Amino acid sequence: MTVSIAHLGPSGTYAEAAALAYAKSLTQKTGEDAMLCPCSSISQTLWTVAKGDANIGVVPVENSIEGSVTVTLDTLWQIGSLQIQQALILPISHALISQAQNFADIQVVYSHPQGLAQCQGWLEKYLPDVPLIAKNSTTEALDHVRDETHTAVISSLRAAELYQLPVLAYPINDYPDNCTRFWVVSLQPSGAGKYTSLGFSVPANVPGALAKPLAIFADRGINLSRIESRPSKRSLGDYLFFMDLEADSHEPSVKSALAELKTFTETLKVFGSYTLLNLD
């Protein structure tokens, strides 16, 4: 059997690197072959899996510098049926790819918004007056670099090698320990794992509406490693909340916590329990 893995493309993205690493570990573990399926956006990656056009999706969810990838959270909530099977941690080192002879020749820099943000300090120091243009991925704009000598793209060394393009500077990310957490998702139920992720909505304008859900986990000694809000898109001031628990949803204490949590929420979605895999 060949397992199809959707990811943000085109070739050379960090999402593809995470998907390749996961495909390798999957083959070693199960003996199954894997086929990568590049998608034009993160949301399309998730919908491709939700519609059954790919078995698995690999999507970024959090960067150590820039925080959450909100489109992943929003789309997972919207779809509702995808389950997290694994978390992957990928080190991120950005390169400035350009045909320019020096920084003074560069008139525009392209990259994914996360790539631009993760190199903001470097860009302000070396290219302070150069316009920054966001693209759907770190490799989408590499065609500009091939044909122009005044354009630069922030992407990976692997992308430069794949497309045989010169690297003008590396590494340029502001923090050396930059890394991104990816989720591996599918329509299959998740298994056991040290971490559980969920999302929920609470009644609007009710005092203590969030305090009660938080107390449920505190009373049971369940640690929350992340909590954040996202607009529900229903009305101003109405939010969804996303949480990561350091606990397995199959444990009795977590089961009882989730059952109690449901009584305080309008909608509760448990995205699954999973383990964490560090990629080289």
Side-chain angles (χ1 to χ4, degrees), residues 3-26 34-49 53-76 86-98 109-120 123 132-146 151-173 178-185 277-280:
V3 178
S4 52
I5 304 178
H7 65 87
L8 175 64
S11 294
T13 63
Y14 295 103
E16 185 197 50
L20 283 168
Y22 181 73
K24 182 179 178 181
S25 69
L26 189 67
M35 174 183 68
L36 298 193
C37 304
C39 299
S40 62
S41 66
I42 293 171
S43 59
Q44 188 194 49
T45 301
L46 292 166
W47 279 110
T48 296
V49 181
D53 295 331
N55 303 117
I56 291 169
V58 175
V59 291
V61 66
E62 185 180 21
N63 177 261
S64 59
I65 298 172
E66 285 303 304
S68 293
V69 181
T70 55
V71 66
T72 297
L73 298 177
D74 291 347
T75 309
L76 273 177
Q86 179 83 63
L88 311 170
I89 302 293
L90 179 71
I92 304 293
S93 292
H94 293 300
L96 188 74
I97 302 171
S98 179
V109 177
Y110 296 96
S111 190
H112 186 274
Q114 285 270 339
L116 294 172
Q118 290 162 27
C119 303
Q120 183 177 358
L123 290 166
L132 310 177
I133 298 180
K135 290 290 184 176
N136 283 330
S137 74
T138 55
T139 57
E140 187 184 84
L142 286 175
D143 284 343
H144 292 288
V145 174
R146 189 181 304 280
T151 299
V153 170
I154 295 174
S155 192
S156 64
L157 281 181
R158 181 172 174 273
E161 293 166 0
L162 283 173
Y163 295 93
Q164 297 182 326
L165 293 168
V167 174
L168 193 58
Y170 175 85
I172 66 168
N173 35 284
N178 187 18
C179 61
T180 295
R181 178 165 59 118
F182 291 81
W183 278 341
V184 178
V185 299
L277 177 63
N278 285 292
L279 305 174
D280 296 328

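All figures in this text were calculated on a predicted structure; none of them were measured in a lab.
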Novice: Per the side chain to side chain donor-acceptor pair (under 3.5 Å) rule, what does the pair list look like for residues 162-171, sequence neighbours excluded?
Specialist: none

Novice: So, does S156 use its side chain to make a donor-acceptor pair with the main chain of G12 at under 3.5 Å?
Specialist: yes

Novice: Taking only residues two or more places apart in sequence, or in another chain, which ones meet Q44 in a side-chain contact (heavy atoms from CB on, under 4.5 Å)?
Specialist: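 Counting only residues at least two positions away or on another chain, Q44 forms a side-chain contact (heavy atoms from CB on, under 4.5 Å) with C39, S40, S41, T48.
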
Novice: Return the set of residues passing side chain to side chain donor-acceptor pair (under 3.5 Å) with Q120 (not counting sequence neighbours), or none when no residue passes.
Specialist: E124

Novice: Applying ring-ring contact (aromatic ring centres under 6.0 Å, His included), can you list everything that pairs with Y110, at least two apart in sequence or on another chain?
Specialist: H144

Novice: Just by distance, do the side chain of T45 and the backbone of A6 share a donor-acceptor pair under 3.5 Å?
Specialist: no

Novice: Show your reasoning for whether side-chain contact (heavy atoms from CB on, under 4.5 Å) applies to L162 and T139.
Specialist: CA-CA 10 Å; L162 283 173; T139 57; over 6 Å; no

Novice: Taking only residues two or more places apart in sequence, or in another chain, which ones meet L36 in a side-chain contact (heavy atoms from CB on, under 4.5 Å)?
Specialist: I5, H7, E16, A19, L20

Novice: Considering residues at least two apart in sequence or located in another chain, which fulfil the side chain to side chain donor-acceptor pair (under 3.5 Å) criterion with D74?
Specialist: R230, K233

Novice: Can you list every pair that meets salt bridge (Lys or Arg N to Asp or Glu O under 4.0 Å) and has a residue in residues 159-171, with sequence neighbours left out?
Specialist: none

Novice: Could you list the residues that satisfy side-chain contact (heavy atoms from CB on, under 4.5 Å) with V61, not counting sequence neighbours?
Specialist: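 side-chain contact (heavy atoms from CB on, under 4.5 Å) list for V61, sorted by chain: T72, L73, R181, W183.
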
Novice: Cut-off 3.5 Å, no hydrogens considered: what does the side-chain donor-acceptor table look like for residues 87-98, sequence neighbours left out?
Specialist:
unit_1, atom_1, unit_2, atom_2, d
H94, ND1, Y14, OH, 2.9
H94, NE2, Q118, OE1, 2.7
S98, OG, A100, N, 3.0
S98, OG, T151, O, 2.8

